[in-house]
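All values below come from the heavy atoms of this structure, side chains included, with hydrogens, waters and symmetry mates left out.
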Amino acid sequence: LRGNLTPQPVEGGDSNVFLWNGEVFGGVNLETTDNDTQVMFDYLSKCDSESEILSLFASVHGPWAFIYYHSPSHCLWFGRDFFGRRSLLWQFNQDLQKAFCLSSVIVPISEDRKST
């Protein structure tokens with residue numbers, strides 16, 4: 001860990017939301033006192049296109065997983081590094097109109113909560 005802890009999710013003034021589970025070892029400029037989460041969010045906030053977002057994550061050296069909601073375009077981005085060194089799990093409800101769940105941890109669902 002480097003820099004001050006950044007509470008998550010990180011939310012920007014434009015209503016973008018970012019969750020980060022990773023460590024940047026290179027590929028993105030940051031100082032030893034910078035926090036990876038805040039630096040990645042700052043870079044994302046400057047991206048103007050899908051290709052810039054993809055290029056940003058392609059350049060990161062180190063293990064990572066993220067979830068990013070880009071409010072102006074109503075797009076949800078999520079992914080993890082090529083080797084999958086940070087967990088990122090997703091589940092679709094059988095009725096896709098009802099639920100989509102993203103998480104970096106598995107939380108057991110009790111029998112009484114399965115029906116909701």
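Expressed to the nearest 0.5 Å, how far CH2 of Trp77 lies from SG of Cys47 amounts to 9.0 Å. Here the CG atom belonging to Asp36 is positioned 8.5 Å from the CZ atom belonging to Phe25, to the nearest 0.5 angstrom. Taken from CZ in Arg80 to CG in Leu89, the straight-line distance is 8.0 Å, to the nearest 0.5 Å. Atom CD of Glu11 sits about 10.5 Å away from atom CG of Asp14, to the nearest 0.5 Å. Between the CG atom of Leu76 and the OH atom of Tyr68 there is a distance of 11.0 Å, given to the nearest 0.5 Å. Atom CD1 of Ile53 is separated from atom NZ of Lys46 by 14.5 Å, given to the nearest 0.5 angstrom.
The shortest distance between side-chain heavy atoms of Asn16 and Pro72 falls below 4.5 Å. Taking 4.5 Å as the limit, every side-chain heavy atom of Asn21 sits out of range of all side-chain heavy atoms of Leu88.
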Could you pull out every donor-acceptor pair under 3.5 Å between side chains of residues 38-45 and any protein atom, sequence neighbours left out?
residue, atom, partner, partner atom, Å
Gln38, NE2, Asp42, OD1, 3.0
Tyr43, OH, Asn29, O, 3.3
Ser45, OG, Phe41, O, 2.9

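Nearest heavy-atom pair, Pro63 versus Asp81, reported as atom, atom and distance to 0.1 Å: CA-OD2, 3.5 Å. Here the shortest heavy-atom pairing between Gly22 and Arg86 reads CA-NE, 4.1 Å. Between Asn35 and Thr37, the shortest heavy-atom contact is OD1-N, 2.9 Å. Minimum heavy-atom separation, Ala65 to Ser87: CB-O, 3.8 Å. Here the closest non-hydrogen pair linking Tyr69 and His74 is OH-ND1, 2.9 Å.
Phe57 pairs by the ring pair (Phe, Tyr, Trp, His ring centres under 6.0 Å) definition with Trp64, Phe66, not counting sequence neighbours.
Listed by first then second residue, pairs satisfying salt bridge (Lys or Arg N to Asp or Glu O under 4.0 Å) with a partner in residues 51-63 number zero, not counting sequence neighbours.
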